[in-house]
Student: 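The structure that follows is given in the form of structure tokens.
In the text below, chain A, chain B and the rest are named by the order of the sequence lines, each starting its count at 1. Keep in mind that the numbers below use all heavy atoms, side chains included, and drop hydrogens, waters and symmetry copies.
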Amino acid sequence: MTVLPLPEFDLRLTLLSGQVFHWQEDGAGWRGVIGRTAVRVEQMAGELMVTPGAEKIVSRYFALDHPLDQIYATFPDDEFSRGALAACRGLRVIRQPRWECLATFITSAMKQVSHIRAMSLALRARFGDPIEGSDVAAYPEPERLARVTEAKLRTCGLGFRAPNLRATAIAVAKGSVDLEAIAGMETDRAREELCKLPGVGRKIANCVLLFAYERLDAVPVDVWIARVVRAMRGDGRLPDLEDYSREHFGAYAGYVQQYLFHHARISKTLPARSK
DNA sequence: ACCCAGGGGCAAG
DNA sequence: CTTGCCCATGGG
């Protein structure tokens, strides 16, 4: 293991915040796969122990270059955002490989974080390429998933998401949607492109834009964020929740959203059923 | 036995 | 343009 000096960072918080779903706890550290590279990371005080040779990949993946101080300075000044920031300091919005992020969030629809994780690990184990030095396989490429039957995908617990994952894998494999080309597009057009894929609507497209395309102002609105924004607004009439979030959360709205999401989920103080 | 989960898509109003 | 309903599965 080599040592990486660290800016403000909380590895555990970052890995448990519902952006990525395959990392496994290993003693005081974590084992995972970044693309096709097996990695072990362990956080000490002010530094990160990293598998030798993976330093660059790791610092890019965990976005250690994001200027957290500047980002925090843009957070809105209300009790919810302040509370989320106090609870989640050091959480970073990471940079994930595009396809595995897209595919994973297609399987995330109406699923709890723990189960998204189970599906992701099952898909990797059954269809992914084994990675030397890792007991977690690479996420299966679109070309591979395109050749898997819907019935086999269902054995990984995908349920009604199975045909969507399969159809999206086929579309990406044959190039009708080009995931690399999307990186060069302005955000609204990039979102439009992603939404052409079966099983991808606004929420999942925004997850992919935020976690795989460095669009730190993209705001995925799920049931938790909906609750938080409603609580922020009181009983007044509701605007479009995504518009409201982008306008009030600032230039790094996606970061604010991620902190609010994770804080709400771990503290569970919000009413589940309020409309 | 319920209720809920990082939704999407399509029909109907 | 909005709302209602179904899609399948596991956990609390």
Side-chain angles (χ1 to χ4, degrees), chain A residues 13-23 80 84 88 91-94 96 100-123 126 149-169 171 177 191-213 215-216 218-231 237-246 249 253-275:
Chain A
L13 196 54
T14 299
L15 290 179
L16 294 179
S17 68
Q19 337 176 35
V20 65
F21 304 91
H22 75 277
W23 288 80
F80 297 90
C88 301
L91 194 172
R92 285 174 185 266
V93 170
I94 73 174
Q96 296 185 48
E100 79 178 57
C101 181
L102 169 62
T104 302
F105 276 97
I106 285 174
T107 67
S108 78
M110 290 305 292
K111 276 295 183 188
Q112 291 177 161
V113 169
S114 64
H115 196 231
I116 301 168
R117 177 183 166 78
M119 290 184 290
S120 165
L121 290 171
L123 286 167
R126 283 179 200 254
T149 63
E150 181 183 326
K152 289 211 172 190
L153 291 178
R154 282 176 185 269
T155 66
C156 297
L158 293 194
F160 63 82
R161 306 154 194 83
N164 289 335
L165 180 59
R166 181 173 148 74
T168 290
V177 169
R191 187 186 296 106
E192 257 181 71
E193 266 317 281
L194 289 168
C195 284
K196 288 179 182 170
L197 295 163
V200 181
R202 241 193 128 82
K203 189 271 172 181
I204 289 176
N206 282 331
C207 285
V208 177
L209 288 169
L210 179 60
F211 301 134
Y213 286 94
R215 310 304 163 102
L216 299 182
V219 180
V221 178
D222 74 325
V223 291
W224 291 97
I225 291 301
R227 276 174 212 153
V228 174
V229 174
R230 286 185 195 121
R237 205 166 287 98
L238 296 169
D240 179 90
L241 298 178
E242 189 186 335
D243 289 343
Y244 177 86
S245 305
R246 267 203 323 276
F249 293 175
Y255 249 95
V256 177
Q257 170 278 151
Q258 191 61 18
Y259 279 56
L260 291 171
F261 167 78
H262 190 60
H263 182 49
R265 230 169 52 81
I266 60 184
S267 54
K268 292 189 177 175
T269 55
L270 294 163
R273 270 264 169 191
S274 74
K275 264 212 153 181

Student: How would you label the contact of A:Val200 with the nucleic acid (heavy atoms, under 4.0 Å): base, sugar-phosphate, or nothing?
Tutor: sugar-phosphate

Student: Taking CG from A:Leu165 and P from B:dG9, how many angstroms apart are they, rounded to a whole number?
Tutor: 14 Å

Student: Under 3.5 Å, sequence neighbours excluded: what are the donor-acceptor pairs made by side chains of residues 155-167 of chain A?
Tutor:
from, atom 1, to, atom 2, distance (Å)
A:Thr155, OG1, A:Lys152, O, 2.5
A:Arg161, NE, A:Ala109, O, 2.7
A:Arg161, NH1, A:Leu158, O, 2.8
A:Arg161, NH2, A:Ala109, O, 2.9
A:Arg166, NH1, A:Ala146, O, 2.9
A:Arg166, NH1, A:Val148, O, 2.9

Student: Would you please name every residue forming a side-chain contact (heavy atoms from CB on, under 4.5 Å) with A:Ala218, sequence neighbours left out?
Tutor: A:Asn206, A:Leu209, A:Leu210, A:Arg215

Student: How far, in whole Å, is B:dG6 from C:dC5 if one measures between their P atoms?
Tutor: 23 Å

Student: With A:Arg117, which residues qualify under salt bridge (Lys or Arg N to Asp or Glu O under 4.0 Å), at least two apart?
Tutor: none

Student: Please list all pairs meeting salt bridge (Lys or Arg N to Asp or Glu O under 4.0 Å) that have one or both residues in residues 202-213 of chain A, counting only residues at least two apart or in different chains.
Tutor: A:Arg202-A:Glu242

Student: Check the distance between B:dG7's C1' and A:Asn206's CG and give it to me in whole angstrom.
Tutor: 13 Å

Student: In chain order, what residues pass the side-chain hydrogen bond (donor to acceptor under 3.5 Å, both in side chains) check against A:Glu150, with sequence neighbours excluded?
Tutor: A:Arg154

Student: Which whole-number value in Å describes the distance from A:Asp222 CG to B:dC4 C1'?
Tutor: 13 Å

Student: Using atom P in both nucleotides, what's the gap between C:dC6 and B:dC3 to the nearest angstrom?
Tutor: 15 Å

Student: A:Thr168: what forms a side-chain contact (heavy atoms from CB on, under 4.5 Å) with it, not counting sequence neighbours?
Tutor: A:Trp99, A:Leu102, A:Ile106, A:Val172, A:Leu197, A:Pro198

Student: Does DNA chain C take part in any stems of at least 3 consecutive Watson-Crick or G-U pairs (both distances under 3.5 Å), and if so, which ones?
Tutor: B:2-5 with C:9-12, B:7-13 with C:1-7

Student: Could you check how far CG of A:Leu102 sits from P of B:dG8, rounded to whole Å?
Tutor: 12 Å

Student: Could you state the CD1-C1' distance from A:Ile204 to B:dG9, rounded to the nearest angstrom?
Tutor: 12 Å

Student: Can you measure A:Ile106 atom CD1 to B:dG6 atom P for me and round it to whole angstrom units?
Tutor: 17 Å

Student: Do the non-hydrogen side-chain atoms of A:Phe249 and A:Val229 ever get within less than 4.5 Å of each other?
Tutor: yes

Student: Take the protein atom CG of A:Leu241 and the nucleotide atom P of C:dT2, then report the distance between them rounded to whole Å.
Tutor: 12 Å

Student: Going from NE2 on A:His263 to CG on A:Leu13, what distance comes out if it is rounded to the nearest 0.5 angstrom?
Tutor: 11.5 Å

Student: Starting at the 5' end of nucleotides 7-12 of chain C, put B wherever the base has a protein heavy atom under 4.0 Å, S where only the sugar-phosphate does, and a dash everywhere else.
Tutor: BBBSS-

Student: The criterion is ring pair (Phe, Tyr, Trp, His ring centres under 6.0 Å); which residues satisfy it with A:Phe105, sequence neighbours excluded?
Tutor: A:Phe21, A:Phe211

Student: For the C1' atoms, the ones on B:dC4 and on C:dC7, what distance do you get once it is rounded to whole angstrom?
Tutor: 16 Å

Student: Provide, to the nearest angstrom, the distance between the CH2 atom belonging to A:Trp224 and the C1' atom belonging to B:dG6.
Tutor: 10 Å

Student: Between A:Phe211 and A:Leu197, who's closer to the 5' end of DNA chain B by nearest nucleotide?
Tutor: A:Phe211

Student: Need one value for A:Ser17: base, sugar-phosphate or nothing, where a base atom within 4.0 Å counts as base even if backbone is also close, heavy atoms only.
Tutor: base

Student: Any side-chain heavy atom of A:Glu100 within less than 4.5 Å of one from A:Leu123?
Tutor: no

Student: So what does A:Gly201 touch, heavy atoms closer than 4.0 Å: a base, only the sugar-phosphate, or nothing?
Tutor: sugar-phosphate

Student: Please indicate yes or no: is the ring centre of A:Phe261 less than 5.5 Å from the centre of the six-membered base ring of B:dG6, with the two planes inclined by under 30 degrees?
Tutor: yes

